[in-house]
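Note sheet for the following structure.
Note that the coordinates shown come from a computational prediction; the quantities given were computed from them, not determined experimentally. Numbers here are sequence positions counted from 1.
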Amino acid sequence: QVQLVESGGGLVQPGGSLRLSCVASGFNFSRSYMSWVRQDPGKGLEWVSGIKLAGSSPGYTDSVKGRFTIPRDDAKNTLFLQMDRLEPEDTDLYYCARGTGKAIPAQDYWGQGTQVTVSL
């Protein structure tokens with residue numbers, strides 16, 4: 001049974017940091033392209049970041065480049081999103097997803113989401 005379980009969201013002040021985690025099971029994690037995708041009310045899903053393999057070059061949407069990184073620990077089947085210098089515009093529900101690339105339709109498994117709120 002495929003499972004993706006996110007954690008680490010919360011309330012943080014602008015300029016602060018959060019580290020999201022996604023624990024995966026039920027599939028070959030180390031061979032899977034993994035992504036973080038976010039959504040807020042009235043807005044469509046937005047791909048944030050993705051990584052194909054451990055040691056590969058990750059990708060990022062322009063608005064988070066230089067602020068977010070996407071480490072993965074294949075030994076623990078865990079994907080991370082390290083978010084630094086957070087901005088109010090980063091307030092969203094963040095999903096971990098497995099797929100074949102960064103396109104939203106390419107994702108076939110999704111976690112339940114974890115809420116990130118950036119506010120004073």
Spell out, as yes or no, whether a donor-acceptor pair under 3.5 Å connects the side chain of [X] to the backbone of [Y].
| X | Y | answer |
| --- | --- | --- |
| Arg67 | Arg85 | yes |
| Asp92 | Tyr94 | no |
| Tyr60 | Ile70 | yes |
| Thr114 | Gly9 | yes |

Could you report the tightest heavy-atom contact between [X] and [Y], atom names first, then the distance?
| X | Y | answer |
| --- | --- | --- |
| Glu6 | Leu4 | OE1-O, 3.9 Å |
| Ser21 | Thr78 | CB-CG2, 4.4 Å |
| Leu81 | Ser49 | CD1-CB, 4.3 Å |
| Ser30 | Asp74 | CB-OD2, 3.5 Å |
| Gln82 | Pro71 | N-CD, 4.4 Å |
| Leu18 | Leu86 | N-CD1, 3.8 Å |

Q) Can you say whether the rings of Trp110 and Tyr95 are parallel (under 30°), tilted (30 to 60°) or perpendicular (over 60°)? A)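 Rings of Trp110 and Tyr95: perpendicular, over 60°.
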Measure the [atom1]-[atom2] distance between [X] and [Y] for me, rounded to the nearest 0.5 Å.
| X | Y | atom1 | atom2 | result |
| --- | --- | --- | --- | --- |
| Arg98 | Cys22 | CZ | SG | 12.0 Å |
| Thr91 | Gln115 | OG1 | CD | 7.5 Å |
| Gln3 | Phe27 | CD | CZ | 10.5 Å |
| Asp40 | Lys43 | CG | NZ | 5.0 Å |

Same apolar cluster: [X] and [Y], side chain cutoff 4.5 Å:
| X | Y | result |
| --- | --- | --- |
| Ile51 | Val23 | no |
| Leu20 | Tyr109 | yes |
| Val37 | Leu93 | yes |
| Val2 | Trp36 | yes |

_Under a 3.5 Å threshold, yes or no: a donor from one side chain and an acceptor from the other, between Ser35 and Trp47?_
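Per modelled atom types, Ser35 and Trp47 side chains form a pair under 3.5 Å.
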> Are side-chain N/O atoms of Glu46 and Gln39 paired as donor and acceptor at under 3.5 Å?
Replying inline: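 Gln39 and Glu46 do not have a side-chain donor-acceptor pair below 3.5 Å.
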Q.
Does the Lys NZ or Arg CZ of Arg72 fall within the cation-pi geometry relative to Phe29 - under 6.0 Å from the ring centre and within 45° of the axis?
A.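 Relative to the ring axis of Phe29, which defines the angle, Arg72 lies inside both limits.
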Checklist entry - Relative to Phe80, does Arg19 satisfy both conditions: NZ or CZ under 6.0 angstrom from the six-membered ring centre, and within 45 degrees of the ring's axis? => result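 Judged by the rule (NZ or CZ under 6.0 Å from the ring centre, within 45° of its axis), Arg19 counts as positioned above Phe80.
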Only one of Met83, Glu89, Arg38, Glu87 clears side-chain contact (heavy atoms from CB on, under 4.5 Å) with Val64; which?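 Of the listed residues Met83, Glu89, Arg38, Glu87, the side-chain contact (heavy atoms from CB on, under 4.5 Å) partner of Val64 is Arg38.
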With side chains defined as the heavy atoms from C-beta onward, is the minimum distance between Met34 and Cys96 less than 4.5 Å?
->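 Yes - at least one pair of side-chain heavy atoms lies under 4.5 Å apart.
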